[in-house]
Amino acid sequence: MTDMTDPVTIPHPWNPTPAQARAWQTQLATRLRLQPLDPNWSTLAVADVSSDRGSPRLFATVLLLKRKSDGSFERLAEGYAEVRATFPYIAGLLSFREVPAILRAFDDLEARHGRSIRPDVILCDGQGLAHPRGLGLACHLGLWLDRPSVGVAKTRLVGQFEPVGPSPGDQSPLIHQGRPVGAVIRTRARAGPLFVSPGHLCDLDSATSLVWACCDGRRQPLPIRWAHEAVNRWRRAARINEPDASCPT
DNA sequence: GCGACAG
DNA sequence: ATCTTGTCGC
């Protein structure tokens, strides 16, 4: 009998063939734990990755934030990493391309912060459970780090849903293979809805309420916007100084 | 063969 | 993801 508490039962490579990657996803999905998130979560880590068209240079950023009692966020620390992509972008296999870069950004974050990071939840730009094999980027990262995680994507990958209402807060269940795997949420009037799904150590209700709690009238949750701004600011600076990338302050 | 297809 | 200016609308 294997130890059911291992984050990842068998370490796997990040540069497998597409067929091997799909097999790992099916295997890893069996390790997911769908459970309520601590409603009193306060520390949140948010990750984002960006790159120039056709360039194999991936820039990853992870921000560590603290949710204050008044609902605002405080920036505690940040980490950065530039990685050479070892896997192409293939719909359904995004985590094999971006997670390695995100893991290095986490390492940088810990190095700067001076101690191990144990965020109450990790917010990811991409799908969680709403995936062909139930293992979107949020699930994969959460499993690897053994931390609760939530996925929020701008467009659909899988699943069917009824039209979402026009008002902020309106939502519609995302159904895949007869199972509710996520929620389509209107976060801003006249803007496209977001696709939220749980990652690891989290359930659908927890995922949707957390994302909604991170929204402030804009289409994207504030943490996602901050991470996106941070990683793009760094990438643009690195593009000017060409070769090496000097991390932000 | 055709359509779909996170970032 | 990124390439890109202006433009329409609240």
Side-chain angles (χ1 to χ4, degrees), chain A residues 14 18-19 21-22 24-25 28-29 46-62 80-105 122-143 149-161 166-168 174-177 181-200 204 207 211 217-221 223-225 227-240 245:
Chain A
W14 289 102
R22 296 188 183 93
W24 274 117
Q25 295 182 316
L28 291 169
V46 55
D48 193 26
V49 176
S50 74
S51 66
D52 286 301
R53 269 200 308 166
S55 169
R57 297 172 72 186
L58 299 184
F59 297 86
T61 294
V62 173
Y80 297 86
E82 181 190 332
V83 171
R84 305 291 296 183
T86 61
F87 200 89
Y89 168 71
I90 296 176
L93 302 179
L94 180 64
S95 64
F96 283 86
R97 177 181 176 75
E98 300 194 343
V99 170
I102 293 174
L103 292 177
R104 289 200 47 183
I122 301 173
L123 194 56
C124 304
D125 189 337
Q127 315 288 349
L129 231 195
H131 176 278
R133 289 162 293 285
L135 198 89
L137 186 155
C139 301
H140 206 160
L141 183 62
L143 274 172
S149 58
V150 173
V152 52
K154 295 177 290 299
T155 60
R156 185 197 74 95
L157 175 58
V158 298
Q160 293 296 309
F161 62 97
S167 306
L174 181 61
I175 308 298
H176 181 52
Q177 300 181 334
V181 297
V184 188
I185 307 174
R186 182 80 62 190
T187 54
R188 179 177 185 165
R190 296 176 298 286
L194 258 33
F195 296 73
V196 178
S197 57
H200 183 44
L204 185 50
V211 169
R218 299 278 301 182
R219 185 197 184 202
Q220 290 277 23
I224 296 283
R225 297 207 305 278
H228 204 267
E229 295 170 6
V231 75
N232 282 323
R233 175 156 43 72
W234 180 36
R235 180 175 57 77
R236 288 163 186 155
R239 183 170 53 194
I240 296 176

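Each chain gets a letter, A, B and so on, in the order the sequences are listed, and its residues count up from 1. No hydrogens, no waters, no symmetry mates; every other heavy atom, side chains included, goes into these values.
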Q.
Ring-plane angle category for F87(A) and F96(A), please: parallel below 30°, perpendicular beyond 60°, tilted otherwise.
A. tilted

Q. How does DNA chain C read in dot-bracket, base by base from 5' to 3', with Watson-Crick or G-U pairs under 3.5 Å and | used when the partner is on another strand?
A. ..........

Q) In Å, rounded to the nearest 0.5 Å, how long is the span from CZ of R218(A) to CD1 of I224(A)? A) 14.0 Å

Q: Could you encode protein contacts along nucleotides 3-10 of chain C as a string, one character per nucleotide from 5' to 3', using B for base contact, S for sugar-phosphate-only contact and - for no contact, with a heavy-atom cut-off of under 4.0 Å?
A: S-------

(Q) Check the phosphate of dT2(C) against N232(A), side-chain N and O only, distance under 4.0 Å to OP1 or OP2. Yes or no? (A) yes

Q. How long is the span from the CD1 atom in I90(A) to the CZ atom in R97(A), to the nearest 0.5 Å?
A. 9.5 Å

Q: Give the B/S/- string for nucleotides 1-7 of chain B, one per nucleotide from 5' to 3', where a protein heavy atom under 4.0 Å of the base yields B, of only the sugar-phosphate yields S, and otherwise -.
A: ---SBBB

Q | Shortest non-hydrogen contact from G134(A) toward A29(A) | A | O-CB, 4.1 Å

(Q) Looking at every non-hydrogen atom in both residues, tell me the closest pair between C124(A) and L137(A) and how far apart they are. (A) CB-CD2, 3.8 Å

Q | For the student: nearest non-hydrogen atoms of H140(A) and L28(A), plus distance | A | NE2-CD1, 3.5 Å

Q: Identify the heavy atoms of Q127(A) and S197(A) that sit nearest to each other, and give their distance.
A: C-OG, 3.8 Å

Q.
Quick check for you: to the nearest 0.5 Å, what is the distance between Q160(A) atom CD and H176(A) atom NE2?
A. 10.0 Å

Q) Once you round to the nearest 0.5 Å, how far does CZ of R156(A) lie from CG of L174(A)? A) 8.0 Å

Q) Separation of I102(A) atom CD1 from dA1(C) atom P, in whole Å? A) 13 Å

(Q) Could you check whether any side-chain heavy atom of L135(A) comes within less than 4.5 Å of a side-chain heavy atom of L143(A), counting everything from C-beta outward? (A) yes

